[in-house]
Amino acid sequence: MKPFQYFRPTKLKEAVDAVASYPNARFIAGGTNLIDLMKRGIAAPEKLVDINHLPLKKIEKREGMLRIGALALNSDVAQHKLVLEKHPLLAQALNAGASGQLRNMATVGGNILQQTRCTYFYDTALPCNKRKPESGCSALGGINRNHAIFGIGEKIDHKSCIAVHPSDMCVALLALDATVLVMGPAGERRIHFADFHRLPGDRPDLNANLESNELILAVEIPDSPFTKHIHYLKVRDRASYAFALVSVAVALEIDQNRIKTARLVMGGVAHKPWRMHDAEKVLLGQTVSENLFRQAAEAGMIGAVASEHNAYKLKLAPNAMVEALKIAAQIS
């Protein structure tokens, strides 16, 4: 690793100013992803601003919402009484992620901002558009078993990126219509979770619509009816410490066996958590049944495009949707 400066502020403005006033400075909290990137030579910040002493760890009920501080640990959020009571889908997704040791260190803010785990992104000997735009995508002609089937654009060329977003938590947060509260030199602003992460487009090096000098303060989840008919399903190569091949977050509001409201979001299939709007439309107002779920899954897969080694996702993804919907709806 290259030498770097280290600063540990105790006030929010000090932290934001420290990054805003210094070229190539980065915030650090749990460090479960950033330190790996530094060790591999992918990230080389000249200054690290340690935010662990900032007052951003609270999990609290506010009017019409649950606010979770950016420094709240993944393990603490997953077992918090308010989360289990109001948003059990989030607890399920968090417990599906990483390992117990990592969840004890990883923060909510860091989880949102974590980098892809694409093998070619981490191999600095090979070209990667996410590391250096327009250098080429090694995954296109390489082993792309874990890569995206949605949101990769109509034209796939040397400027493309087919990496996927690795977070489980973010899949649930999108299903729960969360908002991210951030602070920068110009003050605070809120970003709806659906608008927070980016598709690769012509800037695959950018993961989020967040300025480099903006700090995540909290995640706000509005009160919702999604407390009973929910499920997070993660399909992976092994039972722990593995990223999703595909994952599904389902949240349903069911009244007299009819679906009043539906949220269906997938992970492991795109550069960002992928909401299945077409599938949701099929579900609304309909009577719960396995046949309905298969119709919704089929509608959700419109537009999916496979690469050489991940065509299996075209079958796995809809099957996972159906299974998650059945579990959430509590039908066998």
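Please read these numbers as outputs of a predicted model, since none were measured by experiment. Both backbone and side-chain heavy atoms feed into the values below; hydrogens, waters and symmetry mates do not.
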Residues 249-262 side chain polar contacts: donor-acceptor under 3.5 Å, at least two apart:
from, atom 1, to, atom 2, distance (Å)
E253, OE1, T261, OG1, 2.8
R258, NH1, G285, O, 2.8

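For F193, the ring pair (Phe, Tyr, Trp, His ring centres under 6.0 Å) partners are H197, not counting sequence neighbours. Looking at residues two or more places apart in sequence or on another chain, you find no ring pair (Phe, Tyr, Trp, His ring centres under 6.0 Å) involving F243. For D123, there are no salt bridge (charged side-chain N to carboxylate O under 4.0 Å, His left out) partners, not counting sequence neighbours. Applying the salt bridge (charged side-chain N to carboxylate O under 4.0 Å, His left out) rule to K81 yields no partners; only residues at least two apart in sequence or on another chain are considered. Shown here are the salt bridge (charged side-chain N to carboxylate O under 4.0 Å, His left out) partners of K228, two or more places apart in sequence or in another chain: there are none. Every residue meeting the salt bridge (charged side-chain N to carboxylate O under 4.0 Å, His left out) condition with K326, not counting sequence neighbours, appears here in chain and number order: E290.
Using a 4.5 Å cut-off between side-chain heavy atoms of Ile, Leu, Val, Met, Phe, Trp and Tyr, with links allowed through other members, I112 and I28 fall into different hydrophobic clusters. Residues L264 and F226 are members of separate hydrophobic clusters, defined by side-chain heavy-atom contacts under 4.5 angstrom among Ile, Leu, Val, Met, Phe, Trp and Tyr. A chain of hydrophobic side-chain contacts below 4.5 Å, direct or via other Ile, Leu, Val, Met, Phe, Trp or Tyr residues, connects V288 to V282. Hydrophobic cluster membership differs between L176 and M266, with clusters built from Ile, Leu, Val, Met, Phe, Trp and Tyr side chains linked at under 4.5 angstrom. Linking ILVMFWY side-chain heavy atoms closer than 4.5 Å, directly or via other members, places L245 and Y232 in two distinct hydrophobic clusters.
For A148 against A163, the heavy-atom pair with the smallest separation is CB-O, 4.1 Å. L126 approaches S138 most closely through the heavy-atom pair CB-OG, 3.6 Å. Across all non-hydrogen atoms, the minimal contact from S240 to A98 is OG-O, 3.8 Å. Closest non-hydrogen pair, S160 versus C137, comes out as O-CB, 3.3 Å. The two residues M301 and A317 make their nearest non-hydrogen contact at SD-CB, 3.8 Å. Here the shortest heavy-atom pairing between N129 and S135 reads OD1-N, 3.0 Å.
The line from CZ of R131 to CG of D205 is 12.0 Å long, rounded to the nearest 0.5 Å. Atom CG in L84 sits 9.5 Å away from atom CG in L90 (nearest 0.5 Å). M321 CE to L316 CG: the interatomic distance, rounded to the nearest 0.5 Å, is 10.0 Å. Taking CD1 from I216 and CG from L210, the interatomic distance works out to 6.0 Å, rounded to the nearest 0.5 Å. Interatomic distance, CD1 of I42 versus CG of N33, reported as 9.0 Å (0.5 Å rounding). The distance from the CZ atom of F293 to the CG atom of N291 is 10.5 Å, given to the nearest 0.5 Å.
Of the candidates V219, L66, V108, L66 is the only one forming a side-chain contact (heavy atoms from CB on, under 4.5 Å) with I59.
Looking at N111, its side chain never comes within 3.5 Å of a backbone N or O of A106 through a donor-acceptor pair. Checking side-chain atoms of S247 against main-chain N and O of A244 turns up no donor-acceptor pair under 3.5 Å. Not a single donor-acceptor pair under 3.5 Å links the side chain of R26 to the backbone N or O of N24. N95 contributes a side-chain N or O that, together with a main-chain N or O of A91, makes up a donor-acceptor pair within less than 3.5 Å. Without hydrogens or angle criteria, R275 side chain to E280 main chain gives no donor-acceptor distance under 3.5 Å. Checked by atom type and distance alone, the side chain of Y120 pairs as donor or acceptor with a backbone atom of I143 at under 3.5 Å. Side-chain atoms of D168 do not come within 3.5 Å of backbone N or O of A93 as any donor-acceptor pair. A donor-acceptor pair is defined here as one N or O able to donate and one able to accept, closer than 3.5 Å; no such pair exists between the side chain of R67 and the backbone of E220. Using a distance-only test at 3.5 Å, with no hydrogens or angles considered, a donor-acceptor pair links the side chain of T116 to the main chain of V164. K2 places no side-chain N or O within donor-acceptor distance of the main-chain N or O of A44, the cut-off being under 3.5 Å.
Checked for salt-bridge contact, K159 and D157 miss the test: no charged N lies under 4.0 Å from a carboxylate O. Salt bridge status for K61 with D223: present, with a side-chain N to carboxylate O gap under 4.0 Å.
The shortest side-chain heavy-atom distance between H165 and P273 falls under the 4.5 Å cut-off. Looking at T124 and R40, their side chains never come closer than 4.5 Å, going by heavy atoms from C-beta outward. In this structure, the side chains of H147 and C118 come closer than 4.5 Å at one or more pairs of heavy atoms.
Listed by first and then second residue, the side-chain hydrogen bond (donor to acceptor under 3.5 Å, both in side chains) pairs that reach into residues 301-325 are N144-H309, sequence neighbours excluded. For residues 134-148, the salt bridge (charged side-chain N to carboxylate O under 4.0 Å, His left out) pairs, not counting sequence neighbours, are R145-D237. Residue pairs satisfying the side-chain hydrogen bond (donor to acceptor under 3.5 Å, both in side chains) criterion with at least one member in residues 263-273, sequence neighbours excluded, are listed as follows: K130-H271, D177-R263. Within the structure, salt bridge (charged side-chain N to carboxylate O under 4.0 Å, His left out) contacts touching residues 44-56 (residues at least two apart or in different chains) do not occur.
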Given Q114 and T32, is the side chain to side chain contact (heavy atoms under 4.5 Å, CB included) satisfied, shown in steps? CA-CA 9 Å; Q114 65 179 299; T32 56; over 6 Å; no

Please walk me through it: do E214 and R189 pass salt bridge (Lys or Arg N to Asp or Glu O under 4.0 Å)? CA-CA 10 Å; E214 286 185 310; R189 68 181 179 117; 2.7 Å; yes

Let's go through Y122 and L37 carefully: what are the C-alpha distance in whole Å and the side-chain angles of both, what is the deciding distance for side chain to side chain contact (heavy atoms under 4.5 Å, CB included) to 0.1 Å, and is it a yes or a no? CA-CA 8 Å; Y122 283 87; L37 296 174; 3.6 Å; yes

Audit row: M276, F150, side chain to side chain contact (heavy atoms under 4.5 Å, CB included) steps and yes/no: CA-CA 10 Å; M276 315 298 285; F150 288 109; 4.1 Å; yes

Stepwise, does the side chain to side chain contact (heavy atoms under 4.5 Å, CB included) test hold for V305 with I149? CA-CA 5 Å; V305 178; I149 57 174; 5.9 Å; no

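Grouping Ile, Leu, Val, Met, Phe, Trp and Tyr residues whose side-chain heavy atoms lie under 4.5 Å apart, directly or via other members, places L12 in a hydrophobic cluster with F7, V16, V19, F27, V49, I51, L54, L56, L71, L181, M183, L215, L217.
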